[in-house]
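Just so it is clear, the values below take in all heavy atoms, side chains as well, and ignore hydrogens, waters and symmetry mates.
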Amino acid sequence: MKMHFKCRGGKYPGSEVERAAVPDDKVPWSVMWPEYAPPVYSSPVLAGKPWADPELSEAGFSPRWNQLEGGVDRRSRQPEGYSLDAAGAPLNPVGRTGLRGRGLLGRWGPNHAADPLVTRWRRGADGGRWLHPASGRPQLQLVTIQRRDCGQWALPGGMVDAGERVSAAVQREFREEALNALEASPERRRELERQVAAVFAAGKPVYQGYVDDPRNTDNAWMETEAFNFHDETGEAVGAFPLQAGDDAGAVRWTDVSAETELYASHAAMVRAVAQMHGAHW
């Protein structure tokens, strides 16, 4: 498994809590480091939220780790799952992050997301696929949203609700963040549901597993299932009137290349999609 970088060093997002420094050779849990004593932080915004776990010490809270627990999926998408520390807390499967607790994440252990990579071909003046001069290959364009919390561009995905199917979550997140469905009329909302469902019926899996996310901690981390929904002609999703909504500050079609900078591990997923289509990278 690749090493994580974006969840190590500096202040934890949205806080003044400084992570303990973790050198590359001390990241794996298999490396003994008895002096390791990082700060513990769980954001106060989690308190009392219905989608968040309580503290591990709370009476009556006995999670079924590595299992499906009612509507809460505590299974990891990593084949090996995850282990627990001496106190019974889940351990990040990639290794140390310099911070214990949940940070901003609602669940102890894996926090599941769904990410749609919605693509179309960049078109030239003649309407044909535009070829990038550096590679001679056609260039993809990708729907991206600008996150309100950090200003970075990202995929229009989000968290999978308890009991929700990933296929439903990926459609819901795209409608809410890239099409502003939450502010649409009931009639328009139903029409968007129909249109998005028709396009997303032919999605191809791109990635599932751990995400190097700046919110990750030693005891809580992001995992995702990502799918590519490609509009070959540009007449389906390519014709949608993009409008930012929910957690998105802006939305746009972004040209896909090695210079594309995206939040967390999203760029690696985009590269996989470019390779899948034989596109410029």
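For R74, the side chain to side chain donor-acceptor pair (under 3.5 Å) partners at least two apart in sequence or on another chain are D53, E69. Partners of A236 according to the side-chain contact (heavy atoms from CB on, under 4.5 Å) rule, which considers only residues two or more places apart in sequence or in another chain, are V199, D231. For S15, there are no side chain to side chain donor-acceptor pair (under 3.5 Å) partners, not counting sequence neighbours. For E232, there are no salt bridge (Lys or Arg N to Asp or Glu O under 4.0 Å) partners at least two apart in sequence or on another chain. Every residue meeting the side-chain contact (heavy atoms from CB on, under 4.5 Å) condition with E16, not counting sequence neighbours, appears here in chain and number order: K11. Listed by chain and number, the residues in a side chain to side chain donor-acceptor pair (under 3.5 Å) with E58 amount to none (sequence neighbours excluded). Legend: residues meeting side chain to side chain donor-acceptor pair (under 3.5 Å) with D24, ordered by chain and number and at least two apart, are R8.
No donor-acceptor pair closer than 3.5 Å links the side chain of H266 to the backbone N or O of A154. Between the N219 side chain and the R100 main chain, no donor and acceptor come within less than 3.5 Å of each other. Between the Q139 side chain and the V256 main chain, a donor and an acceptor come within less than 3.5 Å of each other. Looking only at distances, no side-chain donor or acceptor of Y263 sits under 3.5 Å from a matching main-chain atom of Q146. Panel note: side chain N111, backbone G109; a donor-acceptor pair is recorded below 3.5 Å. No donor-acceptor pair closer than 3.5 Å links the side chain of N228 to the backbone N or O of P116. Under a 3.5 Å cut-off, the side chain of D212 and the backbone N or O of K6 do form a donor-acceptor pair.
Counting heavy atoms from C-beta outward, M269 and T224 have side chains that approach closer than 4.5 Å. Side chains of T119 and F229 form no contact here, defined as non-hydrogen atoms less than 4.5 Å apart.
Side-chain contact of Q141 with R122: a donor-acceptor pair under 3.5 Å is absent, judged by distance alone.
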| task | Kindly indicate, with the supporting measurements, whether the criterion side chain to side chain donor-acceptor pair (under 3.5 Å) is fulfilled by S265 and D213. | result | CA-CA 7 Å; S265 299; D213 190 289; over 6 Å; no

Note to self: The test is side chain to side chain donor-acceptor pair (under 3.5 Å); show your working for S57 and E55 and say whether it passes.
What the structure shows: CA-CA 5 Å; S57 59; E55 291 301 310; 5.7 Å; no

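Using cut-offs of 30° and 60° on the angle between ring planes, the pair H277 and H230 is tilted.
How far CG of L131 is from NE2 of H280: 11.0 Å, rounded to the nearest 0.5 Å. Taking CD of Q243 as the reference point, atom CG of L192 lies at 9.5 Å (rounded to 0.5 Å). For the atom pair L179 CG and F174 CZ, the distance stands at 5.0 Å (nearest 0.5 Å). With values rounded to the nearest 0.5 angstrom, E259 atom CD is found 8.5 Å from W281 atom CH2. Within the model, atoms CZ of R64 and CZ of R75 stand 11.0 Å from one another, a figure rounded to the nearest 0.5 Å. Separation of atoms CZ (R189) and CD (E183) is listed at 9.5 Å; rounding is to 0.5 Å.
Sorted by first then second residue, the salt bridge (Lys or Arg N to Asp or Glu O under 4.0 Å) pairs that include residues 137-152, not counting sequence neighbours, are R147-D149. Sorted by first and then second residue, the ring-ring contact (aromatic ring centres under 6.0 Å, His included) pairs with a member in residues 66-117 read Y82-W221; sequence neighbours excluded. Each side chain to side chain donor-acceptor pair (under 3.5 Å) pair with one or both residues in residues 169-179, not counting sequence neighbours, appears once here: E164-R172.
Taking both residues in full, the closest heavy atoms of Y12 and L105 are given as OH-N, 4.4 Å, listed atom of the first, atom of the second, then distance. Taking both residues in full, the closest heavy atoms of A279 and W121 are given as CB-CZ3, 3.8 Å, listed atom of the first, atom of the second, then distance.
Salt bridge annotation for E191-R188: absent, with no cationic side-chain nitrogen under 4.0 angstrom from a carboxylate oxygen.
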Counting only pairs under 3.5 Å, give me each side-chain donor-acceptor contact of residues 37-52, with atom names and distances, residues two or more places apart or in other chains.
{"unit_1": "S42", "atom_1": "OG", "unit_2": "R102", "atom_2": "N", "d": "3.0"}
{"unit_1": "S43", "atom_1": "OG", "unit_2": "V45", "atom_2": "N", "d": "3.2"}
{"unit_1": "K49", "atom_1": "NZ", "unit_2": "V45", "atom_2": "O", "d": "2.8"}

All N/O donor-acceptor pairs, side-chain side in residues 84-97, below 3.5 Å, sequence neighbours left out:
{"unit_1": "D85", "atom_1": "OD1", "unit_2": "A87", "atom_2": "N", "d": "2.9"}
{"unit_1": "D85", "atom_1": "OD1", "unit_2": "G88", "atom_2": "N", "d": "3.0"}
{"unit_1": "D85", "atom_1": "OD1", "unit_2": "A89", "atom_2": "N", "d": "2.8"}
{"unit_1": "N92", "atom_1": "OD1", "unit_2": "V94", "atom_2": "N", "d": "2.9"}
{"unit_1": "N92", "atom_1": "OD1", "unit_2": "Y210", "atom_2": "OH", "d": "3.4"}
{"unit_1": "N92", "atom_1": "ND2", "unit_2": "Y210", "atom_2": "OH", "d": "3.1"}
{"unit_1": "N92", "atom_1": "ND2", "unit_2": "T217", "atom_2": "O", "d": "3.0"}
{"unit_1": "R96", "atom_1": "NH1", "unit_2": "K26", "atom_2": "O", "d": "2.6"}
{"unit_1": "R96", "atom_1": "NH1", "unit_2": "P28", "atom_2": "O", "d": "2.9"}
{"unit_1": "R96", "atom_1": "NH1", "unit_2": "V31", "atom_2": "O", "d": "3.3"}
{"unit_1": "R96", "atom_1": "NH2", "unit_2": "V31", "atom_2": "O", "d": "3.0"}
{"unit_1": "T97", "atom_1": "OG1", "unit_2": "R19", "atom_2": "NH1", "d": "3.4"}
{"unit_1": "T97", "atom_1": "OG1", "unit_2": "L99", "atom_2": "N", "d": "3.4"}
{"unit_1": "T97", "atom_1": "OG1", "unit_2": "L99", "atom_2": "O", "d": "3.2"}
{"unit_1": "T97", "atom_1": "OG1", "unit_2": "D218", "atom_2": "N", "d": "3.1"}
{"unit_1": "T97", "atom_1": "OG1", "unit_2": "D218", "atom_2": "OD1", "d": "2.7"}

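The aromatic ring centres of Y207 and F227 sit 6.0 Å or more apart.
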